[in-house]
Amino acid sequence: MTARPGTSATAGADTQLPAPTIAVDHLSVDFLLPTGRLRAVDDVSFEVNEGELFAIVGESGCGKSTLAAALQFLVPSPGRIATGDVLLRDQSLSAMNDEQLRRLRAADVAMVLQAAMGSFNPVITIGRQVEHVLEAHPQVWPSRRDGVAYFDHLLEIVRLPPARTRRSFESQLSGGMRQRVAIAFGLLLKPRVVVLDEPTTALDVVNQGIIIDVLLDLQEQLGVTVVFVTHDLALVAELASHVGVMYAGRMVQVATVDEIFYSPRRHPYVQALLSSIPNVLQAGRHARPIPGSVPRLDQLGPGCRFAPRCPLVQDRCRHSDPPLAGDASGNRVACHPLNDEITAEVSKP
Amino acid sequence: MSLLTVDGATQWFRNQTKPALDNVHLQIAPGEIVALVGESGCGKSTLGRISCGMLEPTTGSVTFDGHAVTSMSKRELKRFRMRAQMVHQDPFASLNPGLPLRTTLGYPLRYHRLARSRDLQDHLLALLESVGLDEGPAFLDRYPHQLSGGQRQRVSIARALSLNPSLIVADEAVSMLDVSMRVSLLDLMLSLQEEHGMAYLFVSHDLGVVRYFAGEGRIMVMFYGLVVEEGRTEDVITNPQHPYTTVLLGGTPVPDPRRARQRARGDSLKQAEGAASDTGCVFYQRCPLARQRCLEAQPPLLDVGSQHRSACWFHDEVPAHNQATNTTIAGTPAG
């Protein structure tokens, strides 16, 4: 048994000393549609420190994939970053020109898409595609041979036979293998951060387990910071050290994985999500669906977006949107009743 | 009498050196829930397609309601296909993007003469209401791209339900949905069963979902075309009798980080890599219990308990799945 990375960071909350690897600062992303402006990500702030495995969790349409794309300053049209900034080790992405951003996307913050389909060129081998990447970014690997050797090393970490994999075409790989090759590709240019969008969706349980192990190994051996997007809290429990939970474009809780799963001070939405998981360790009809449905982004009221479905709802929740407030241990929650608890606790001693 | 019997089904696909299904037996009683579990490529979807008449096995027989499918007349075959319906995995691909819901849902009803044109709309609205989509007549003019994933899968269930089937084959019916949507769909399917009494053949790789949905039913665990264990759901999950079942159970993620941290890493790969063995037990290459005897021949499915069968010589050495669970997870209310 091996200790999981990130668990040491879980114990101590004073992570103030070094600059965070990624800091998202009051970021909002708008989609400009013929029918009007939709704010898919609304005033989101959080930090990811070096070596963390940070999970962005939420349901379809909550803005989590848009947020992941914004970490590269690469929001698909008709979206645009409306306000805020992303800082990579204190470098502001909004101040970068296109060429700087292009390098950043390749070599600093890499993105691994939902890889099962469409990430590769189907008519040339994986090896040729590696060479194309190396040709386009000679600043990272001046010697192409070194680059290929590093790719082989990465393939070994993701448990694929290097030579045979490089000779393969996409169609010759299974879904799970494809995802692992995509992860190796993402790490080829030695990024500091790798962002994965739904890394295990569409894979079966056995392949999911492999991806989890592989990502933990990569994090440990290469020290890369991992940000991943998922809707599955069971995956979060297996993989994450820190978690940001999104609901209808807002970040409603940012906390360590243990606080999300074990602390009573979790956002009512997180509680509802946890209660909705069919757990293999429990018999009977134990899971409960979340009542109601996710609000449409073009029909948001002034209050908390979870209020219509919330068991703790109070009058003020319908009028004012709660801010993310932090308690002593760094757990931050956007919920009026919980924030009161935190304020009372802070003012007590 | 069983509703569906698949007897000794073997399925060969072109250019394959091993059959996708190898002499598989399956019985489903009226109103029963049977779950097929296993990893991608184990043959569970093939068996599902055979069970609802979408595929005819290379050898072996399929009997529905006492009639052999191969000797059915055209009329009987039409009736079989009406009474055995399928819900597919991907609600994007299984609904025609060019047709409004009115057409998608109306066509089977008209074809089987279950509704006349003039009361079709009322029929469709009642149908949508029964799957939790009571949104009024305008909803019928929507196209699939205008619906959310959960709504689409409800429409797929409505389509299957519309012909009053006695068997619904649900092939990974909730695996494309958000986790938060899954339970409401599973609850819907279970409440429809209470109301209409149909049987389900539920294909899934997720044992958490299977235990929830088929808690009262049975599980069949498949590996490379063979059934390696079958039994009542609770028996199989709490007292697995085949090493492959423990691999699946151990790999199922649980919402409990402390437990996850205790999991030995690297096991997933040892146990997942390696194809089916060509000689002896199909699971030999991946099996932690493998020994000489396993190389001789594929062990048959033998009784190991009440309604519980396993294809492993050493089934009594299979470790019990650790059921210890942290009750703080789902047990405590918020705040």
Side-chain angles (χ1 to χ4, degrees), chain A residues 1-4 7 59-61 159 174-176 202-210 212-213 216-217 231-240 257-258 261-262 264-268 270-290 311-312 337-338 341, chain B residues 38-41 148-150 175-176 178-184 186-187 190 205-213 215 234 237-238 247-269 271-273 322-326 328-330 332-335:
Chain A
M1 290 189 201
T2 339
R4 290 266 302 269
T7 46
E59 295 172 86
S60 302
R159 269 83 151 201
S174 73
L203 297 179
D204 66 25
V205 168
V206 173
N207 279 300
Q208 268 181 31
I210 298 176
I212 290 166
D213 281 0
L216 289 171
D217 282 354
H231 63 88
D232 186 352
L233 274 172
L235 175 70
V236 172
E238 298 278 339
L239 192 55
V257 69
D258 281 20
F261 284 87
Y262 304 121
R265 195 172 288 155
R266 52 183 167 227
H267 195 279
V270 176
Q271 176 61 39
L273 274 181
L274 284 170
S275 305
S276 74
I277 303 174
N279 186 342
V280 72
L281 299 177
Q282 287 178 306
R285 307 265 294 267
H286 55 270
R288 289 186 299 280
I290 307 175
L312 304 183
L338 291 181
E341 238 179 74
Chain B
E39 64 198 66
S40 308
S148 72
S175 65
M176 299 275 285
D178 274 5
V179 173
S180 53
M181 293 293 305
R182 285 183 193 165
V183 174
S184 56
L186 295 173
D187 284 351
L190 288 169
H205 66 261
D206 183 340
L207 280 165
V209 167
V210 163
R211 187 175 193 184
Y212 186 82
F213 186 76
E234 285 302 304
I237 283 178
T238 56
V247 168
L248 285 181
L249 281 167
T252 306
V254 290
D256 186 347
R258 286 185 193 136
R259 193 185 160 93
R261 267 173 233 139
Q262 286 161 7
R263 177 171 294 168
R265 225 189 306 161
D267 279 13
S268 71
L269 287 138
Q271 292 171 349
E273 306 255 280
N322 180 8
Q323 293 294 307
T325 170
N326 192 324
T328 59
I329 307 278
T332 45

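Scope of the values below: all heavy atoms of this structure, side chains included, with no hydrogens, waters or symmetry mates. Order of the sequence lines fixes the chain letters, A, B, ..., with proteins taken first and strands second; residue numbering starts at 1 for each chain.
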(request) For the pair A:Glu238 and B:Val254, evaluate side chain to side chain contact (heavy atoms under 4.5 Å, CB included) and give the outcome as yes or no after the intermediate values. (result) CA-CA 8 Å; A:Glu238 298 278 339; B:Val254 290; 4.3 Å; yes
(request) Starting from the C-alpha separation in whole Å, work towards a yes-or-no answer on side chain to side chain contact (heavy atoms under 4.5 Å, CB included) for A:Val280 and B:Leu249. (result) CA-CA 8 Å; A:Val280 72; B:Leu249 281 167; 3.9 Å; yes
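B:Ser180 approaches A:Ser276 most closely through the heavy-atom pair CA-OG, 3.7 Å. A:Ala237 and B:Asp256 make their closest contact through CB-N, 3.5 Å (heavy atoms, listed as atom of the first residue, atom of the second, distance). Shortest non-hydrogen contact noted between B:Arg261 and A:Val257 is NH2-CG1, 3.6 Å. For the pair B:Pro255 and A:Phe261, the tightest heavy-atom approach, listed with the atom from each and the gap, is O-CD2, 3.4 Å. Across every non-hydrogen atom of B:Tyr212 and A:Gly284, the tightest pair is CD1-O, 3.7 Å.
In this structure, chain A has no heavy atom under 4.5 Å from any part of B:Ser175. In this structure, the portion of A:Gln208 lying under 4.5 Å from any heavy atom of chain B is its side chain and not its backbone.
Chain A forms the most heavy-atom pairs under 4.5 Å with one residue out of B:Leu207, B:Asp187, B:Asp178, and that residue is B:Asp178. By number of non-hydrogen pairs under 4.5 angstrom with chain B, the leading residue of A:Pro337, A:Gly61, A:Ala287 is A:Ala287. Interface remark: of the candidates B:Val210, B:Val179, B:Val209, B:Leu190, B:Val179 forms the most heavy-atom pairs closer than 4.5 Å to chain A. Across B:Gly215, B:Ser148, B:Gly149, B:Ser184, the residue that shares the most heavy-atom pairs under 4.5 angstrom with chain A is B:Ser184.
Every salt bridge (Lys or Arg N to Asp or Glu O under 4.0 Å) that B:Asp206 has, sequence neighbours left out, goes to B:Arg182.
Looking at A:Asp204, its side chain does come within 3.5 Å of a backbone N or O of B:Ser40 through a donor-acceptor pair.
Two residues are said to be in side-chain contact when any heavy atoms from C-beta on lie closer than 4.5 Å; A:Tyr262 and B:Pro257 meet this criterion.
The CG atom of A:Asp258 sits 5.5 Å away from atom CZ of B:Arg258, with the distance rounded to the nearest 0.5 Å. The distance from the CD atom of A:Gln282 to the CD1 atom of B:Ile237 is 12.0 Å, given to the nearest 0.5 Å.
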